[in-house]
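Reminder, nothing fancy here: chain letters follow the sequence lines and each chain counts from 1.
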Amino acid sequence: MKCETCKELLVPYMEELLDASQAEQVREHLENCPSCQAELEGLQTLQGRLVANGKAVAQGDLEEDVMNRIIREQSVRLKSAAQASAGLRLRRLIMKSPVSRAAAAVVVVACVIGMMMWQQTESIALADVLAKVEQIQAYFYEETTDVQSQEKGNSTTESTVLMSNEYGMKTDLRTVSSSDGREERVLMYVLPRDKSVVLVNMSEKNYARMALDDATLENTKIQNHDPREMLKRLLACEYEELGTAVIEGVEVQGFETTDPSYLGDTKLNLSARVWVAVDTWLPVRSELEWDLTEGIRLSSVQHSYQWGIPVAASEFEPDIPADFTADEKDGTQMPSISADGMIEALGIVADFTGGYPASLDIGALQQVMKDLATADTPAAQQYREQIKAVGSKEAAVAMGEQHMMKLMVLVTFPRILGTQQADPAYHGDVVTPDDVDLPLMRWKVAGDKYQVIFGDLHTETVTAEALAELEAALPQ
Amino acid sequence: MEKDGYFVERCLDGHPDDFRHLVRRYQPVLLAHLAGKLGSADRAEEAAQEALVRAYFNMSKLKEPGKFFSWLLGIAGRVAKEQQRKEAVRRQREMIRASAEEASPPELSQDYGLEATVAGLPEPYRQVILLRYYGGLSCTQIADQLDMPLGTVTKTLSRAYALLRDAMQQKQEANEV
């Protein structure tokens with residue numbers, strides 16, 4: 001072996017990477033070659049120093065410090081994002097005139113269209129997007145919801161939402177009414193660990209902490225249009241691919257549905273779109289427009305998603321200033337979005353109006369609230385007296401709200417059943433509280449079993465066959 | 001052993017906590033590298049923290065997740081330069097303030113002489129030495145981590161030793177003069 005070859009093999013030799021015969025050759029050469037021997041010793045000395053230093057150099061533990069710093073900086077970044085949206089809100093207030101608002105809207109739409117450069121690229125599979133999003137532990141987004149009501153004028157709600165699988169959901173809502181420019185700011189916390197909801201009204205300076213049952217906790221996700229739930233909904237509906245576009249400088253691919261079952265309804269007029277980034281396969285923007293009831297149109301946009309961010313438990317600790325007071329709802333149970341909540345709400349309506357709403361939608365609910373003011377049932381009279389008896393206007397409003405929240409279950413529960421494909425049906429148009437044997441409402445619970453709420457509000461679980469018989473007895 | 005790219009993807013997919021695996025993997029290497037550049041364990045720790053936090057928030061800009069380590073070293077290098085600049089400004093101010101006193105620039109402590117020489121090596125020699133001795137990886141693991149043939153790793157290592165010995169010899173001669 002030549003010295004040159006030997007010197008080349010010294011490092012692999014020291015690292016014991018040579019095969020047996022090569023190692024033997026090197027060993028033989030070293031025995032007879034003082035120069036290569038010296039070279040090896042030099043290397044071994046250096047290696048010894050490096051090994052010793054490697055052990056000695058600060059073995060400081062950075063792990064916790066680094067992770068904590070990341071969490072802290074993340075929350076600072078989130079706060080500045082929230083402030084940025086507050087700035088946007090102020091500009092909206094200045095544009096009060098309907099003319100400038102409409103002009104601004106045209107500009108915004110033009111920009112969005114301008115950004116959309118239709119082109120073909122590799123197609124994104126929505127199911128994979130959902131799989132990816134479901135892995136995520138925590139995320140943040142901003143949402144803008146416009147309510148256009150012929151009766152009550154328009155309002156805009158800007159919210160920031162922080163979601164964590166571990167700690168729950170924190171929403172900061174600012175609503176501005178276009179008619180009087182009034183602004184209301186409410187912080188809402190949904191806390192699965194405490195099974196509670198905390199509402200802090202920054203404008204009214206009051207708060208309420210309400211208990212929440214498990215079913216309701218699960219169902220609030222759909223109610224709040226959790227982006228993950230909404231992706232699941234979209235997958236369950238018929239949807240179309242919209243091709244690619246560029247939004248906020250990101251190349252995205254769009255998906256759209258107009259299927260009313262997206263919101264668990266059968267006849268709702270809606271359109272929903274989600275835009276997914278081509279490189280990360282994560283949603284960048286979601287849009288939803290729907291008619292809440294005749295004359296009220298909602299359109300909401302979720303944007304500025306930050307997927308997979310670190311969060312600290314302290315972000316989900318409600319911060320209630322000392323001078324805030326507890327309002328009427330504080331300490332009560334949140335109306336249960338479940339069969340029990342449904343029966344309670346139907347019972348309230350029957351007591352107040354003597355019958356059931358003809359259908360279960362927001363319009364019917366508004367009619368019930370109007371009937372409350374004029375109905376001559378003992379319960380309605382008693383309710384009106386109670387309202388008169390409470391001293392302050394705020395307390396009366398809070399009482400009304402409590403009722404309204406209970407009655408909202410009439411709309412939310414069937415809708416959730418719809419999203420679960422539980423085949424719900426409601427016969428309030430023909431069934432009265434005296435109809436002990438007629439089915440008022442039913443939905444599938446398992447296999448071919450249905451749960452039925454009868455006219456007198458008792459419930460039974462029956463087979464599909466028995467249900468068909470019960471429904472055949474309904475008056476036409 | 002999972003590759004760096006795996007953890008980078010995990011973080012980008014919404015598992016920020018997996019960043020701690022990368023912190024654990026590279027903290028000794030980073031500390032050694034920065035101690036060599038900055039000449040103090042405290043300052044190395046400060047800079048290493050800063051570099052890791054910056055890396056986290058800029059991870060989406062990392063084009064090849066497999067090159068996390070050399071990218072991280074680049075960030076650490078910039079952080080170290082910033083610190084040195086700040087330190088130089090501070091020292092200048094001090095010198096002006098205490099103009100009567102002879103302000104001696106802080107010597108590199110004896111301990112970090114070798115690390116300083118390592119920090120002065122060109123890429124990729126520096127990377128391989130850092131991973132081998134401060135990251136505690138074997139040559140085979142380095143080959144895997146850097147996506148390099150094993151032969152290239154040992155050749156790089158061999159060349160790195162030669163460069164280190166030259167540099168140390170030059171330093172020694174300079175001291176003797």
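Taking 4.0 Å as the cut-off between side-chain N and carboxylate O, B/R25 and B/E2 do not count as a salt-bridged pair. Using a cutoff of 4.0 Å between basic side-chain nitrogens and carboxylate oxygens, B/K155 and A/E8 are not scored as salt-bridged. For the pair A/E31 and A/R27, the salt-bridge criterion is not met [side-chain N within less than 4.0 Å of a carboxylate O]. One finds no salt bridge joining B/K86 and B/E46 here, because no Lys/Arg side-chain nitrogen approaches an Asp/Glu carboxylate oxygen to under 4.0 Å.
No other option in B/E50, B/R165, B/R24 has as many heavy-atom pairs under 4.5 Å with chain A as B/R165. When each of A/V11, A/L17, A/D65, A/L50 is checked for heavy-atom pairs under 4.5 Å with chain B, A/L50 comes out on top.
A search for salt bridge (charged side-chain N to carboxylate O under 4.0 Å, His left out) contacts involving B/R85 returns nothing, not counting sequence neighbours. For A/E41, the side-chain hydrogen bond (donor to acceptor under 3.5 Å, both in side chains) test picks out A/Q37, with sequence neighbours left out. Annotation: side-chain hydrogen bond (donor to acceptor under 3.5 Å, both in side chains) contacts of A/E166 (sequence neighbours excluded): A/R193.
Proximity to chain B is absent for every atom of A/L10, based on heavy atoms less than 4.5 angstrom apart. Proximity to chain B involves both the backbone and the side chain of A/L43, based on heavy atoms less than 4.5 angstrom apart. Both the backbone and the side chain of A/Q135 come within contact range of chain B, judged by heavy atoms closer than 4.5 Å. If you measure heavy-atom distances from A/E16 to chain B, you find no contacts under 4.5 Å at all.
Among residues 66-79 of chain B, no residue has any heavy atom closer than 4.5 Å to a heavy atom of chain A.
A donor atom on one side chain and an acceptor atom on the other are not found under 3.5 Å apart for A/E317 and A/Y189.
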